[in-house]
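For reference, the structure is listed below as structure tokens.
In what follows, residues are counted from 1 in the order of the sequence shown. Since this is a predicted model, take the numbers as computed values, not measurements.
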Amino acid sequence: MMKLVKQIPLENGLTVSFFNHNHRYFGDYHKVRVEITCEVAILEEYFATPDEFAEARASLGASAVFRRSLEQMGVSTDELEDCLDRVIENFINHSLSYLASPGFPRKLIQKEMANITQPNRRTYSY
């Protein structure tokens with residue numbers, strides 16, 4: 001089951017969304033899975049030339065999406081809500097500032113373009 005549980009508007013104009021993908025896998029045990037997304041519009045100001053912008057729009061479309069999943073296994077039914085809240089708060093406390101930085105949209109789009117133009121290069125998830 002996918003359910004939007006929280007959205008946070010950021011000062012850089014982006015919005016971070018948290019989706020609940022919890023499911024029961026055995027008896028009273030659940031897998032808590034939170035998918036975090038942040039859509040970044042591809043704007044001409046992120047590129048040095050109009051040709052680079054046109055290439056990005058042709059390759060990626062109108063936007064790029066930051067996506068991260070966080071999981072915790074073996075959560076009992078009575079702990080589901082608390083666990084979900086802890087997972088979200090942990091991301092907010094440790095990673096949200098990176099997404100909120102003014103340079104994040106440009107970096108995400110550059111990374112996505114590099115993945116397309118140089119598919120064999122080593123990339124790291126952030």
Side-chain angles (χ1 to χ4, degrees):
M1 155 179 86
M2 182 172 121
K3 178 183 168 190
L4 177 66
V5 291
K6 187 173 197 142
Q7 285 190 310
I8 301 175
L10 304 175
E11 288 185 20
N12 62 5
L14 302 177
T15 300
V16 178
S17 300
F18 297 84
F19 295 92
N20 180 348
H21 290 271
N22 296 350
H23 72 275
R24 184 172 57 103
Y25 64 90
F26 178 75
D28 188 39
Y29 295 105
H30 300 261
K31 176 174 151 181
V32 172
R33 181 171 166 259
V34 178
E35 181 179 34
I36 301 135
T37 64
C38 183
E39 187 171 357
V40 177
I42 297 176
L43 305 176
E44 192 167 358
E45 66 194 57
Y46 299 147
F47 302 92
T49 67
D51 289 341
E52 289 177 0
F53 171 65
E55 180 183 355
R57 290 295 298 256
S59 298
L60 299 172
S63 63
V65 179
F66 167 88
R67 189 176 315 276
R68 167 151 315 153
S69 291
L70 303 173
E71 298 180 356
Q72 186 164 345
M73 298 286 289
V75 179
S76 65
T77 301
D78 60 337
E79 295 176 354
L80 275 175
E81 289 303 314
D82 288 340
C83 181
L84 180 66
D85 291 343
R86 278 193 314 271
V87 169
I88 291 171
E89 286 304 313
N90 189 43
F91 181 85
I92 290 170
N93 292 335
H94 298 287
S95 301
L96 193 66
S97 62
Y98 181 72
L99 275 66
S101 72
F104 172 75
R106 182 186 313 262
K107 288 178 185 178
L108 177 68
I109 292 168
Q110 288 173 344
K111 177 184 176 254
E112 292 299 319
M113 285 303 296
N115 288 342
I116 291 170
T117 60
Q118 303 166 8
N120 293 327
R121 79 184 186 101
R122 177 180 267 166
T123 61
Y124 298 95
S125 180
Y126 47 88

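The two residues Phe104 and Cys38 have their closest heavy-atom pair at CE2-SG, 4.4 Å. Nearest approach of Ile42 to Phe47, heavy atoms of both residues: CG2-CE1, 3.7 Å. Listed here is the closest heavy atom pair of Ala56 and Met113: CA-SD, 3.6 Å. The two residues Glu52 and Ala48 have their closest heavy-atom pair at OE1-N, 3.1 Å. When all heavy atoms are compared, the tightest approach of Val32 to Cys83 is CG2-SG, 3.8 Å. Residue Ser63 comes nearest to Ala41 through the heavy atom pair CB-CA, 4.0 Å, listed as atom of the first residue, atom of the second, then distance.
A side-chain donor from one of Ser76 and Asp78 sits under 3.5 Å from a side-chain acceptor of the other.
Checked by atom type and distance alone, the side chain of Asn22 pairs as donor or acceptor with a backbone atom of Arg33 at under 3.5 Å. For Asn12 (side chain) and Gly103 (main-chain N/O), no donor-acceptor pair under 3.5 Å exists by modelled atom type. Tyr46 places no side-chain N or O within donor-acceptor distance of the main-chain N or O of Lys107, the cut-off being under 3.5 Å. Asp28 places a side-chain N or O within donor-acceptor distance of the main-chain N or O of Thr77, the cut-off being under 3.5 Å.
Taken to the nearest 0.5 Å, the CD1 atom of Ile92 stands 11.5 Å off from the OG atom of Ser97. Note that the CG atom of Leu70 and the CD1 atom of Ile36 stand 4.0 Å from one another [nearest 0.5 Å].
The shortest distance between side-chain heavy atoms of Leu99 and Leu10 falls below 4.5 Å. The shortest side-chain heavy-atom distance between Val75 and Leu84 does not fall under the 4.5 Å cut-off. Looking only at side-chain heavy atoms (C-beta outward), Val16 and Phe18 come within less than 4.5 Å of each other.
The environment of OH in Tyr25 is crowded: more than 12 heavy-atom neighbours from other residues, nucleotides or ligands sit within 6.0 Å. Within a 6.0 Å radius of CD in Glu11, no more than 12 heavy atoms belonging to other residues, nucleotides or ligands are found.
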Could you walk me through whether Arg68 and Ser95 pass the side-chain contact (heavy atoms from CB on, under 4.5 Å) check?
-> CA-CA 11 Å; Arg68 167 151 315 153; Ser95 301; 4.2 Å; yes

Apply side-chain contact (heavy atoms from CB on, under 4.5 Å) to the pair Val40 and Glu112, showing each step before the final yes or no.
-> CA-CA 11 Å; Val40 177; Glu112 292 299 319; over 6 Å; no

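Think of Val65 as one node in a network of Ile, Leu, Val, Met, Phe, Trp and Tyr side chains linked at under 4.5 Å; it has no links at all.
Residue Tyr29 is not grouped with residue Val34 when hydrophobic side chains (ILVMFWY) are merged at heavy-atom distances under 4.5 angstrom, including chains of intermediate members.
With salt bridges taken as basic N to acidic carboxylate O contacts below 4.0 Å, one links Glu89 and Lys6.
For Glu35, the salt bridge (charged side-chain N to carboxylate O under 4.0 Å, His left out) partners are Arg67, not counting sequence neighbours.
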